[in-house]
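What follows is one structure encoded as structure tokens, with my remarks underneath.
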Amino acid sequence: MTAIARASRRASAARARRSYDQPHPFTGHPTRGARRRLALVLGLLPMLCGLVLGSAVAERAPAVIRVPAAEAALNERAIAISRHDDLARGLTEVRVPSATAVTRSTGADRLLSVAPGSGQAAVAGTLGAESTALIVARADGSQVQVELPGLIAAAFAPDATWLAAIDGRGALWRVAAADGAAKQVAAGPFIGEPIVESNGSVLVLQVPSVEAPFRSALVRVAADGSADRLTDELLVYGMQPLADGSLAIFSHRPTGTVVMRQAGESATVMADLGADAVSAAVPRSGAAVAWERAGEIFLQSLPNGRPQRIAEGTNPRFANDGQALLIDVPAGTQLIEPDGSLIAAFSTQLGFAACAGACAS
Amino acid sequence: MSRHLVRLARLARRAPLLVAAVGAAQLLAAASVLATDDYTLPFYDRDVSLLYGVDRDARVGIQLDYTGKTWFDSSTHPGRVYDNHTGLDYPMPLRSPIAAAREGTVADTEGGYGTQQFGSFGNFVLVRHDNARYTLYYHLASRADGGINVAVNEDVVFGQQVGLSGCSGICTGPHLHFELLREAGDDLIVTDPMYNRVWTTWPGRVPFAATYIRESNAGTEVVRQGRTITHWVEFRNVGGRPWRPGPWPGRIVLGTWKPPMHPSPFVAADWTSSWLATRVEQNVVGPDGVGRFTFGIRGGAQPGSYVETFNLLSHGVHWFDHDQLGGFYVPIIVSNLSE
């Protein structure tokens, strides 16, 4: 029996247990199993109350499956990682088995993060029929799969030994890259692409609702789970660390999207991108901003440049060299020059090494 | 016997108090009915039904589903509610019209994400209402795809189309995520429209819907050339808001259909314009009430047999579903016979 099949059986068994224990979805009457349990619970109620209160924030450790390279290949679930050191100061190609095109635009398997050094990649994949897993793939072909239902995002720490991950409920987890051991840091709910800082804190977006975030606050979550709000902006779409230690913050306002530079308590507007500008990105130098509007990519030099439409595509992000851009197109991923000319086209998913403060621009 | 008399006397003395208590209870009951906030479902298609309801208190192990039922555990319940869900999910095809659930002012919009672009954020319209409530319409189609139909600070009337459905954001199938929020200091807090009974009609209706009841001279109207006869038709209001007469936006009128607003050859002197035959007759027709529409038909065409088709319209806002009206039309025979 393969690891995937074992996981599938475990998931099926867990679903069966859940459906037996739940009240009938339409009548609300307890099931046979629930009635038996009810009697037991009533008898032990006082003790259980204490236990429940004491462990209200405790979370079950996610299931972990280690998949050797040979088994991943046998099950056609191999994730290939390869380097293109000649492109834009280092580009990592990640080939996900079910990905025939860029899958950031779908809910299917998708690349989440590439580790500094690029020996590892984090992918959101499926485990069994329904459950979602954080898959930490290594260059040797082996994988560690961590069951995190509804996984939204994950990012490697600067030393690549662990990841910050956000599950479907918006809870923030710390996941060890080596063995998949996971611990919930904070319940959130959070969304967005987290950034792990060198001291172990995580920048993330706190929201009232994972499914419909019309408000989001940029917070720094410490290792103990405490969160500090970093900006008064009401709806933050993303953030990126800049080389000078400040943060670039992409904020939605009713008038449009703005890029802010946050340095301590001080915030200044770097650029006003106007309405419907999404997926903004800046290089670590902060010398330009790229964004997407209605399926087109725009680029503007900062502080005084004019917006230039450079390509069709979505989700622009700057390369390690601070010049070239990766963009998603229907056929895959493209690496383009700042003027929009094509450097290379790929049918796979690609990422740059996540610098998180470690790379020079 | 005397004991009974004493009791009767005591009851008689307390009667005013009892009457007052009953009256107060009735007033409270009436007030709770009036406390509904006059929201309608935020779409026009009566066949759309709720997929997931609001889950308000999952963190303390109590969930309130879309009917107000309380579930005493913290696991998810397939079918109608799941942990941390803050809105009502209505599955519908991509690019279905989305309507304002109540009149208000647009507070914010986003339309930059692709209609089916998966990610943390998606397209939305946020409307502020006059009682410090907000409604949120999420996962909409992109503005470039026609998904956002209103601008920030624009006033909207109830039932006005504000966007088109999509699947932007964290979304695995096209649906509308609809939230009702209320101000709490500087924050907005989600409320459950079902549990709090904010719908005009329980458990909520689309804004504009009617069914055909009857009409005068059921069948064919015969009118002599150059003369005018009077025709009336009645429809039941099965939508979520009262019908009122008048020429203003949102008032209910009867106009020509197929094609909409075409100049009618049967326009009579009492018509408002060449296509607008009449308005609802009563001052107000509440949900489930019957509204009558009376208008003249003038034999202005050449003698022969004709059909004129009509539809109800929330003036300047939205046409009703013509098929739900029974495909309302009037067969007309224009005669040249003398009296």
Side-chain angles (χ1 to χ4, degrees), chain A residues 18-19 21-23 25-26 28 30 34 52 56-57 103-108 110 150 152-153 166 168-170 187-193 205 207-216 234-235 237-238 252-257 273-279 291-296 314-315, chain B residues 52 58-61 65 69-73 75-81 83-87 89 106-114 116-124 126 134 136-139 142-145 148 151-153 167 169-173 177-179 181 187-190:
Chain A
R18 282 199 295 271
S19 62
D21 285 343
Q22 282 173 352
F26 302 113
V52 167
V57 294
T103 51
R104 277 176 172 270
S105 58
T106 73
R110 61 195 194 280
I152 292 174
I166 301 172
R169 298 172 306 152
F190 304 110
I191 59 168
E193 297 179 11
L205 303 175
V207 290
S209 161
V210 165
E211 193 187 16
F214 68 101
R215 294 275 189 271
S216 60
L234 293 176
L235 177 50
Y237 280 160
H252 167 94
R253 295 176 178 177
T255 52
T257 301
L273 308 181
D276 296 337
V278 297
S279 305
W291 69 93
E292 165 197 346
R293 177 184 286 122
E296 296 184 324
T314 58
N315 191 32
Chain B
Y52 291 113
R59 291 184 196 185
V60 293
D65 74 3
K69 178 184 284 297
T70 302
W71 300 85
F72 288 99
D73 69 46
S75 59
T76 57
H77 295 281
R80 296 299 180 199
V81 63
D83 277 358
N84 299 328
H85 194 226
T86 53
D89 281 352
V106 177
D108 200 358
T109 69
E110 175 59 81
Y113 293 96
Q116 297 184 78
Q117 188 170 348
F118 183 86
S120 287
F121 296 94
N123 301 318
F124 67 85
L126 180 68
Y134 287 73
L136 175 68
Y137 313 81
Y138 213 91
H139 302 311
S142 72
R143 196 186 306 272
D145 203 9
I148 308 295
V152 173
N153 293 328
C167 192
I170 296 181
C171 171
T172 54
H177 175 104
F178 173 65
E179 277 189 30
L181 305 131
D187 208 355
L188 298 181
I189 294 178
V190 70

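A note on names: the letters A, B, ... follow the listed sequences, proteins ahead of strands, and every chain is numbered from 1. These numbers come from a predicted model, not from an experiment.
Only the side chain of Ile152(A) has a heavy atom closer than 4.5 Å to any heavy atom of chain B. Residue contact with chain A, scored on non-hydrogen atoms closer than 4.5 Å, involves the backbone and the side chain of Glu110(B) alike. Contacts between Leu235(A) and chain B at a heavy-atom distance below 4.5 Å involve the side chain alone, from C-beta outward. Contacts of Ile148(B) with chain A are absent, with no heavy-atom separation under 4.5 Å from either backbone or side chain. Using a 4.5 Å cut-off between heavy atoms, Ser216(A) contacts chain B through its side chain alone, with no backbone atom that close. Neither the backbone nor the side chain of Asn123(B) comes within contact range of chain A, judged by heavy atoms closer than 4.5 Å. Of the two parts of Ile166(A), neither the backbone nor the side chain holds a non-hydrogen atom closer than 4.5 Å to a non-hydrogen atom of chain B. At a 4.5 Å heavy-atom cutoff, Ser142(B) makes no contact with chain A through either its backbone or its side chain. For Ala107(B), the part sitting under 4.5 Å from any heavy atom of chain A is the backbone (N, CA, C, O) and nothing else.
Contacts with chain A were tallied for Ile189(B), Leu126(B), Leu188(B); Leu188(B) has the most, counting heavy-atom pairs under 4.5 Å. With respect to chain B, the highest number of heavy-atom pairs below 4.5 Å among Ala294(A), Ala212(A), Gly168(A) belongs to Ala212(A).
Put simply, the side chain of Pro213(A) does not reach to within 4.5 Å of the side chain of Phe124(B), judged on heavy atoms. Asp187(B) has its side chain out of reach of Arg215(A): every pair of non-hydrogen atoms, C-beta onward, lies at least 4.5 Å apart. Residues Ser279(A) and Gln117(B) form a side-chain contact, since some pair of their non-hydrogen atoms from C-beta on lies under 4.5 Å apart.
The two residues Gly192(A) and Ser120(B) make their nearest non-hydrogen contact at N-OG, 3.1 Å. Listed here is the closest heavy atom pair of Ser209(A) and Thr86(B): OG-OG1, 2.9 Å. Closest of all the heavy-atom pairs between Glu211(A) and Ile170(B) is CG-O, 4.0 Å.
Ring centroid separation for the pair Tyr237(A) and Phe121(B) comes in under the 6.0 Å cut-off.
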